[in-house]
Peer 1: 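Sharing a structure with you now.
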Amino acid sequence: MPTATEQPPKVSQASLLAATWSLFAIAVLFFLARIAIRLKISRRLYFDDAWASLALLILLGLALVLTVAIPSMYQVLNVGAGLAEPDTDFMKNATFYLKLQFALTYLYWSCLWAVKACFLSFYHRLTKNLKYCRQVWWATVIISVLSYIGAIITRRKMNSSDDEMSPKGPRLSTHPTAIQLDERSREIAVHQNGTIELAGRGDSTERILRGYEVT
């Protein structure tokens with residue numbers, strides 16, 4: 001059995017799935033309540049409702065991709081924690097999870113920025129005929145757009161700078177060796193907008209797979 005360098009998962013697969021879909025259901029209820037109240041009071045929908053709808057659709061995609069990724073993710077984590085031996089499909093499943101990790105990151109960012117756009121659309125109506133407030137609004141829009149583009153470009157450059165973590169899959173061997181802990185991978189990516197990327201699982205996968213890397 002490989003040397004354990006990771007803590008075993010503190011949450012079971014069933015609990016993670018239950019939390020994911022329960023929170024999504026709560027989001028759907030709040031969204032429906034929002035639309036109902038808007039139609040009852042304003043008797044119409046606005047552009048910010050379109051952004052809210054987009055955010056909900058992206059959140060659905062995020063939940064679906066996470067559901068597909070969970071089995072492979074837990075297999076990788078269990079191997080890293082020394083709880084399981086890597087089977088013949090370990091490298092295939094681990095590479096598949098790494099690919100889904102990129103999709104999860106982009107979906108998470110897109111959902112977050114869609115919610116920001118929803119708020120900005122709402123404040124656009126509030127700042128009508130308020131010159132200074134509208135100028136601040138435009139500055140906020142520009143900063144938000146540039147930060148989203150910057151996050152995407154930065155992520156892509158991080159991917160391209162490390163062949164092992166590219167969407168094409170890591171160049172790995174099926175011969176296990178001691179799993180090496182890469183301390184710099186423990187760093188959490190903090191982006192210019194102040195949000196923190198939950199990159200821990202991806203970094204754990206990278207550290208585990210480096211134990212099977214071609215030397």
Side-chain angles (χ1 to χ4, degrees), residues 16 19-21 23-24 27-28 30-31 46-70 72-73 76-77 93-124 134-172 182-210 213:
L16 182 56
T20 298
W21 289 105
L23 292 174
F24 176 75
V28 171
F30 274 102
F31 174 79
Y46 293 92
F47 200 57
D48 54 310
D49 297 307
W51 282 112
S53 301
L54 177 61
L56 186 66
L57 289 175
I58 297 175
L59 184 62
L60 173 60
L62 182 64
L64 290 172
V65 174
L66 180 59
T67 300
V68 174
I70 282 177
S72 298
M73 180 181 74
V76 171
L77 294 177
N93 294 337
T95 302
F96 176 66
Y97 169 62
L98 284 176
K99 294 178 181 179
L100 293 181
Q101 185 71 23
F102 295 114
L104 288 169
T105 300
Y106 293 132
L107 285 171
Y108 169 74
W109 285 344
S110 298
C111 182
L112 182 62
W113 261 265
V115 173
K116 292 182 180 183
C118 177
F119 281 111
L120 287 171
S121 296
F122 174 72
Y123 287 126
H124 183 267
R134 183 56 62 88
Q135 291 174 346
V136 174
W137 182 88
W138 275 112
T140 306
V141 169
I142 294 174
I143 293 173
S144 298
V145 172
L146 291 179
S147 62
Y148 179 74
I149 296 174
I152 297 298
I153 293 176
T154 301
R155 179 65 174 177
R156 292 183 64 87
K157 285 190 174 296
M158 287 173 61
N159 297 347
S160 62
S161 65
D162 192 343
D163 292 336
E164 289 83 1
M165 291 294 291
S166 70
K168 296 180 180 179
R171 297 183 298 184
L172 301 167
D182 188 353
E183 290 295 341
R184 65 181 175 79
S185 296
R186 289 187 178 275
E187 297 178 359
I188 298 177
V190 180
H191 300 289
Q192 56 267 47
N193 68 330
T195 62
I196 299 178
E197 177 193 359
L198 300 178
R201 288 307 181 197
D203 293 337
S204 297
T205 305
E206 181 182 4
R207 291 198 295 273
I208 294 167
L209 292 183
R210 286 186 187 280
E213 189 176 28

Peer 1: With sequence neighbours left out, write down each residue that passes side chain to side chain contact (heavy atoms under 4.5 Å, CB included) with Tyr46, or none if nothing qualifies.
Peer 2: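 So Tyr46 forms a side chain to side chain contact (heavy atoms under 4.5 Å, CB included) with Arg38, Ser42, Arg44, Asp48, Asp49, Arg125.
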
Peer 1: Rounded to the nearest 0.5 Å, how far does CZ of Phe96 lie from CE of Met73?
Peer 2: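 If we round to the nearest 0.5 Å, Met73:CE and Phe96:CZ are 13.0 Å apart.
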
Peer 1: Could you give the distance from CG (Leu112) to OG (Ser147), rounded to the nearest 0.5 Å?
Peer 2: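 Going from CG on Leu112 over to OG on Ser147, the span is 9.0 Å.
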
Peer 1: If I take atom OH from residue Tyr108 and atom CG from residue Leu66, how far apart are they, to the nearest 0.5 angstrom?
Peer 2: 13.5 Å

Peer 1: Can you pull out every side chain to side chain donor-acceptor pair (under 3.5 Å) where at least one residue sits in residues 56-69? Sequence neighbours excluded, please.
Peer 2: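 As it turns out, the side chain to side chain donor-acceptor pair (under 3.5 Å) pairs with a partner in residues 56-69, which skip direct neighbours, are Trp21-Thr67.
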
Peer 1: Answer yes or no: are there more than 12 heavy-atom neighbours, outside Tyr123 itself, under 6.0 Å from its atom OH?
Peer 2: no

Peer 1: Could you grab the distance from atom CG of Leu64 to atom CG of Leu59, nearest 0.5 Å is fine?
Peer 2: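 One gets 9.5 Å once the value is rounded to the nearest 0.5 Å.
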
Peer 1: Any pair with a residue in residues 51-62 that passes salt bridge (Lys or Arg N to Asp or Glu O under 4.0 Å), sequence neighbours left out, goes on the list, sorted by first then second residue, please.
Peer 2: none

Peer 1: Pair Trp113, Val145 - check side-chain contact (heavy atoms from CB on, under 4.5 Å), show working.
Peer 2: CA-CA 9 Å; Trp113 261 265; Val145 172; over 6 Å; no

Peer 1: For a quick test of reading the model, state the closest non-hydrogen atom pair linking Trp51 to Ala114 and the distance between them.
Peer 2: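 Reported closest heavy-atom pair: CB-O, 3.8 Å.
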
Peer 1: Excluding sequence neighbours, so at least two apart, what forms side chain to side chain contact (heavy atoms under 4.5 Å, CB included) with Thr140?
Peer 2: Leu120, Val136, Ser144

Peer 1: Which heavy atom of His124 sits nearest a heavy atom of Arg134, and at what distance?
Peer 2: O-NH2, 2.8 Å

Peer 1: Compare every heavy atom of Phe31 with every heavy atom of Ala52, then report the nearest pair and how far apart it is.
Peer 2: C-CE1, 3.9 Å

Peer 1: Could you measure the distance from the CG atom of Leu57 to the OG atom of Ser110? Nearest 0.5 Å is fine.
Peer 2: 12.5 Å

Peer 1: In chain order, what residues pass the side chain to side chain contact (heavy atoms under 4.5 Å, CB included) check against Ala19, with sequence neighbours excluded?
Peer 2: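 Not a single residue meets the side chain to side chain contact (heavy atoms under 4.5 Å, CB included) criterion with Ala19.
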
Peer 1: Does Leu107 have any side chain to side chain contact (heavy atoms under 4.5 Å, CB included) partners at least two apart in sequence or in another chain, and if so, which?
Peer 2: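 In terms of side chain to side chain contact (heavy atoms under 4.5 Å, CB included), with neighbours along the sequence ignored, Leu107 is linked to Ile58, Leu62, Val65.
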
